[in-house]
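Below you'll find the structure, written out as structure tokens, and then a few comments.
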Amino acid sequence: MAERATGGVQSLERAFDLLEVLADAGGVLGLSDLAARSGLPMPTIHRLVRTLVRMGYLRQDASRRYTLGPRLIHLGETAGRLLGSWARPYLAELMESTGETANLAVLESGEVVYVGQVPSRHSMRMFTEVGRRVQPHCTAVGKALLAQLPEEQAARTLGHGPLTAHTAYTVTEPADLLRQFAAIRERGYAVDDQEQELGVRCIAVVVPGAPTATALSVSGPEGRIRAIDEKELVATAQEIATRLGAALGGTPEAAEDS
């Protein structure tokens, strides 16, 4: 029984590894590519793929390549809705530390999606709200996330033409944004200085170790955000982001902390 249980756990781990490999490759791969990227023997891949296809988590297209299946959509949508709930204690801590609104966002199909928020105790109409989808070029979270991508992928996401100008401060040339990304990576955070909404400033950091591209940010009136020591704000956000990433990624450190 113990041997069978161990074998079952190993098969489960390998099945999830294949799904992760497919996701990292854009969702479509042939068997030989799956074998090369996963390092698993072909007979094992054949067995796991047949099971995943039968269950609807994979499907085979007309060219005999394997793609992520439709049953994963429900799992992903449900997990996405829960992400903001899981992150809420961390966002609340960031809001209490800074006094300003804390946001959580993910990069999905070239757009920024806000999945969590703890508003500031100061009353203020904010552009950001849970569920809103926006272009990444004019938001701090979007720029922070794009800066982590390979340059070619970031360039494809931005496109070739001028980007939408939401305010007079919006950077609309993709080449100008691509040049900003090196500085964002070096300093560890991105800034939206009234680029999405006049009078609003936002500072964002990535969430390291999160299972999908995720960033958290602090946003508020430009004057109030500028009045906060930027280095201290960034250090606080990065420390909280690191703990959040460990929790979302299920690392041993997160388990010990809990």
Side-chain angles (χ1 to χ4, degrees), residues 83-84 87-107 111-148 158 163-173 176-208 210 213-245:
L83 179 56
R88 186 171 180 81
Y90 300 88
L91 295 177
E93 182 182 351
L94 183 57
M95 187 278 289
E96 293 291 352
S97 297
T98 62
E100 300 297 341
T101 298
N103 311 286
L104 189 74
V106 298
L107 191 62
E111 291 183 312
V112 165
V113 184
Y114 290 95
V115 294
Q117 184 180 82
V118 173
S120 167
R121 299 185 189 281
H122 303 291
S123 60
M124 178 188 173
R125 184 190 65 81
M126 290 295 294
F127 168 82
T128 55
E129 61 183 20
V130 174
R132 186 180 289 275
R133 305 178 72 96
V134 299
Q135 297 170 302
H137 71 280
C138 52
T139 63
V141 285
K143 290 192 287 183
L145 292 170
L146 288 180
Q148 308 309 309
L158 292 171
L163 300 163
T164 303
H166 295 274
T167 75
Y169 300 98
T170 307
V171 179
T172 59
E173 288 300 325
D176 293 337
L177 279 166
L178 290 171
R179 283 191 289 270
Q180 286 186 15
F181 292 163
I184 290 172
R185 288 190 296 270
E186 182 177 350
R187 71 190 183 198
Y189 66 98
V191 178
D192 157 17
D193 189 9
Q194 305 186 79
E195 296 163 51
Q196 173 65 65
E197 186 174 15
L198 286 174
V200 175
R201 183 175 174 86
C202 183
I203 295 177
V205 301
V206 296
V207 178
T214 308
L216 61 78
S217 68
V218 174
S219 57
E222 181 201 9
R224 288 211 308 255
I225 297 295
R226 287 190 183 277
I228 302 173
D229 183 284
E230 192 164 287
K231 288 184 179 179
E232 184 176 331
L233 188 158
V234 170
T236 299
Q238 289 174 332
E239 192 274 330
I240 292 173
T242 298
R243 286 191 281 113
L244 173 58

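Between Glu222 and Asp193, the closest side-chain pair of non-hydrogen atoms falls below 4.5 Å. Leu146 places none of its side-chain heavy atoms less than 4.5 Å from the side chain of Leu177. Contact check for Tyr114 versus Thr139: side-chain heavy atoms found under the 4.5 Å cut-off. Between Thr236 and Val218 the shortest side-chain heavy-atom distance does not fall below 4.5 Å. Residues Thr164 and Gln135 meet the side-chain proximity criterion, which asks for heavy atoms closer than 4.5 Å.
In terms of heavy-atom proximity, Pro221 sits nearest to Glu100 at CD-OE1, 4.0 Å. The minimum heavy-atom distance between Leu198 and Thr167, with the atom names listed, is N-CG2, 3.8 Å. Scanning all heavy atoms of the two residues, the minimum distance from Pro136 to Leu107 falls at CB-CD1, 4.4 Å. Counting all heavy atoms, side chain and backbone alike, Ser217 lies closest to Ala204 at CB-CB, 3.7 Å. The nearest pair of heavy atoms linking Gly199 to Gln194 is N-OE1, 2.8 Å. Heavy atoms only, all atoms of each residue included: Val118 and Ala92 are closest at CG2-N, 3.7 Å.
For residues 180-192, the set of pairs meeting the salt bridge (charged side-chain N to carboxylate O under 4.0 Å, His left out) definition, not counting sequence neighbours, is empty.
With sequence neighbours excluded, the residues that form a side chain to side chain contact (heavy atoms under 4.5 Å, CB included) with Leu178 are Glu151, Ala154, Ala155, Leu158, Phe181. For Glu232, the side-chain hydrogen bond (donor to acceptor under 3.5 Å, both in side chains) test picks out no residue, with sequence neighbours left out. For Glu230, the side-chain hydrogen bond (donor to acceptor under 3.5 Å, both in side chains) partners at least two apart in sequence or on another chain are Tyr189, Arg201. Scanning for side-chain hydrogen bond (donor to acceptor under 3.5 Å, both in side chains) contacts around Gln238 gives an empty result, with sequence neighbours left out. Asp176 is linked by a side-chain hydrogen bond (donor to acceptor under 3.5 Å, both in side chains) to Arg179, counting only residues two or more places apart in sequence or in another chain. With sequence neighbours excluded, the residues that form a side chain to side chain contact (heavy atoms under 4.5 Å, CB included) with Thr242 are Pro208. With sequence neighbours left out, Glu239 forms a salt bridge (Lys or Arg N to Asp or Glu O under 4.0 Å) with Arg243. For Ala102, the side chain to side chain contact (heavy atoms under 4.5 Å, CB included) test picks out Leu91, Leu94, Met95, with sequence neighbours left out.
Panel note: side chain Thr214, backbone Val106; no donor-acceptor pair is recorded below 3.5 Å. Panel note: side chain Thr170, backbone Glu195; a donor-acceptor pair is recorded below 3.5 Å.
Note: Arg132 CZ to Glu111 CD = 12.0 Å, rounded to the nearest 0.5 Å. Annotation: the span from Leu244 atom CG to Arg88 atom CZ amounts to 13.5 Å, rounded to 0.5 Å.
Considering Thr98, Thr101, Ile225 in turn, Thr101 is the only one that fulfils the side chain to side chain contact (heavy atoms under 4.5 Å, CB included) rule with Ser219.
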Handout entry: Derivation of the side chain to side chain contact (heavy atoms under 4.5 Å, CB included) call for Arg224 and Ser120
Key = CA-CA 12 Å; Arg224 288 211 308 255; Ser120 167; 4.2 Å; yes
